[in-house]
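FYI, side chains are in, hydrogens and waters are out, and symmetry mates aren't considered; it's all heavy atoms of this structure.
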Amino acid sequence: MDNEKKDILQKLEYSPYSKEEDIRGIMKLMEKALSEPYSIFSHRYFFTENKDLSLTVKYNGQLIAACENRLKIRGQKISGNIGMVAVLDEFRGLGIGKELVSRSIELMRGKGASEIFLETEVKNESALSLYESLGFVRHKFLYKYYSTGEDAFRLKLFLS
Ligand SMILES: CC(C)(COP(=O)(O)OP(=O)(O)OC[C@H]1O[C@@H](n2cnc3c(N)ncnc32)[C@H](O)[C@@H]1OP(=O)(O)O)[C@@H](O)C(=O)NCCC(=O)NCCS
């Protein structure tokens, strides 16, 4: 890895999504990165209802990546859900996405989740490759799942 990349990685700050002012920045980041539009209410939901479960990454104070997570509780069963994850274009390929998802898994495992699930577009090869490298498996095919008409896979990671 070259020195510029090492320097970037050393300066990254991973922290829980805990400031109201992060909401707009996260919304902008997700709008740019994801084809499915999400309203500010969705982002606020991750912030208010699932406090400290979502993560932001900052570089020199600038928001460059985020992962929004929540817990779904049904009876005794606690599932973790990765709602949205994105890394700013110019910071991709440095391992930041994988680190964010790994930290998110551990956060939700710590809250009692026995599995983690998420949906991603069938054509999103980089995301599928990232998740499968962490042990997620393709659980369900979701025909035209997104409002854009794109199909999705639901992926699951079973935690022991
Ligand atoms: C998907 C995304 C979050 C990956 O973030 P990233 O920081 O670039 O990913 P990492 O550098 O941590 O890479 C981790 C793994 O992902 C896979 N990956 C990442 N970019 C890839 C690419 N362009 N092509 C194929 N695989 C890729 C690889 O398996 C990689 O592991 P490796 O480096 O050991 O080969 C990023 O591309 C992104 O923000 N995309 C747009 C938003 C999005 O699609 N989010 C996911 C929706 S659920």
Side-chain angles (χ1 to χ4, degrees), residues 14-18 20 22-57 63-160:
Y14 289 82
S15 38
Y17 170 13
S18 57
E20 179 82 24
D22 282 335
I23 295 177
R24 295 245 166 228
I26 288 175
M27 191 168 156
K28 263 195 196 160
L29 178 79
M30 297 297 177
E31 263 173 8
K32 238 179 121 183
L34 302 172
S35 52
E36 181 79 359
Y38 293 96
S39 74
I40 192 149
F41 301 108
S42 314
H43 299 292
R44 201 174 290 282
Y45 165 77
F46 286 102
F47 174 70
T48 52
E49 303 293 318
N50 293 272
K51 230 172 166 43
D52 298 330
L53 273 186
S54 298
L55 296 168
T56 59
V57 187
L63 184 81
I64 60 120
C67 188
E68 293 184 303
N69 307 310
R70 69 183 177 118
L71 290 179
K72 193 171 161 189
I73 302 169
R74 247 196 220 153
Q76 299 280 71
K77 186 172 177 185
I78 305 177
S79 305
N81 173 229
I82 296 181
M84 290 172 239
V85 55
V87 176
L88 211 61
D89 260 357
E90 53 271 44
F91 291 88
R92 289 185 190 166
L94 295 174
I96 298 170
K98 196 166 182 174
E99 181 66 23
L100 256 180
V101 172
S102 305
R103 288 183 187 222
S104 296
I105 293 167
E106 290 317 311
L107 264 176
M108 292 189 273
R109 190 204 294 270
K111 300 277 182 191
S114 58
E115 64 173 34
I116 310 286
F117 72 96
L118 60 91
E119 290 85 29
T120 192
E121 284 180 4
V122 163
K123 67 175 190 188
N124 194 341
E125 285 174 22
S126 48
L128 285 170
S129 169
L130 186 165
Y131 295 127
E132 287 175 345
S133 76
L134 288 170
F136 281 85
V137 292
R138 296 176 193 199
H139 184 69
K140 206 170 185 179
F141 176 82
L142 305 163
Y143 179 67
K144 293 195 179 208
Y145 179 74
Y146 292 105
S147 63
T148 51
E150 292 296 335
D151 302 329
F153 284 123
R154 175 161 299 136
L155 303 185
K156 279 197 178 184
L157 174 70
F158 297 98
L159 303 170
S160 50

Could you state the interatomic distance from [atom1] ([X]) to [atom2] ([Y]), rounded to the nearest 0.5 Å?
{"X": "C67", "Y": "I96", "atom1": "SG", "atom2": "CD1", "value": "13.0 Å"}
{"X": "I26", "Y": "F47", "atom1": "CD1", "atom2": "CZ", "value": "9.0 Å"}
{"X": "L63", "Y": "L29", "atom1": "CG", "atom2": "CG", "value": "5.5 Å"}
{"X": "R70", "Y": "S79", "atom1": "CZ", "atom2": "OG", "value": "9.0 Å"}
{"X": "S15", "Y": "D52", "atom1": "OG", "atom2": "CG", "value": "10.5 Å"}
{"X": "R154", "Y": "F141", "atom1": "CZ", "atom2": "CZ", "value": "12.5 Å"}

Got more than 12 heavy atoms from elsewhere within 6.0 Å of [atom1], [X]?
{"X": "E125", "atom1": "CD", "value": "no"}
{"X": "K140", "atom1": "NZ", "value": "no"}
{"X": "K156", "atom1": "NZ", "value": "yes"}
{"X": "Q76", "atom1": "CD", "value": "no"}

Practice problem: Evaluate the side chain to side chain contact (heavy atoms under 4.5 Å, CB included) criterion for residues L134 and L157: first the C-alpha distance (whole Å), next the side-chain angles of each, then the deciding distance (0.1 Å), finally the verdict. | Solution: CA-CA 8 Å; L134 288 170; L157 174 70; 5.7 Å; no

Quiz item: Can you check side chain to side chain contact (heavy atoms under 4.5 Å, CB included) on M108 and I82, steps first, answer last?
Solution: CA-CA 10 Å; M108 292 189 273; I82 296 181; 3.8 Å; yes

I need the minimum non-hydrogen distance between [X] and [Y], along with the two atoms involved.
{"X": "L100", "Y": "A65", "value": "CD1-CB, 3.8 Å"}
{"X": "A86", "Y": "M30", "value": "CB-SD, 3.7 Å"}
{"X": "L55", "Y": "S104", "value": "CD1-OG, 3.7 Å"}

Between [Y] and [X], is there a side-chain heavy-atom distance shorter than 4.5 Å?
{"X": "L128", "Y": "R138", "result": "yes"}
{"X": "I40", "Y": "R24", "result": "yes"}
{"X": "L159", "Y": "I105", "result": "yes"}
{"X": "E68", "Y": "N50", "result": "no"}
{"X": "E20", "Y": "I23", "result": "yes"}
{"X": "E36", "Y": "M84", "result": "no"}

Exercise. Salt-bridge test for E49 and R44: reply yes if a basic N is under 4.0 Å from a carboxylate O, no otherwise.
Key: no

Quiz prompt | E31 with K28: basic N within carboxylate O range, under 4.0 Å | solution = no

Exercise. Start with the C-alpha distance between F136 and L118, add both sets of side-chain angles, then the distance that settles side chain to side chain contact (heavy atoms under 4.5 Å, CB included), and finish with yes or no.
Key: CA-CA 9 Å; F136 281 85; L118 60 91; 3.7 Å; yes

Quiz item: How far apart are the C-alpha atoms of Y145 and E119, what are their side-chain angles, what is the distance that settles it, and do they pass the side chain to side chain donor-acceptor pair (under 3.5 Å) test?
Solution: CA-CA 9 Å; Y145 179 74; E119 290 85 29; 3.3 Å; yes

Exercise. State whether Y146 and K144 meet the cation-pi test: NZ (Lys) or CZ (Arg) under 6.0 Å from the six-membered ring centroid, and within 45° of the perpendicular axis.
Key: no

Quiz prompt | Charged tip of R103 within 45° of Y14 ring normal and under 6.0 Å | solution = yes

Self-check item: Between E150 and S35, a side-chain donor and acceptor under 3.5 Å
Solution: no

Quiz item: Ignoring hydrogens and geometry, is there a side-chain-to-backbone donor-acceptor pair from S54 to N69 under 3.5 Å?
Solution: yes

Quiz item: Should the pair H43 and Y38 be assigned to parallel (<30°), tilted (30 to 60°) or perpendicular (>60°) ring geometry?
Solution: perpendicular

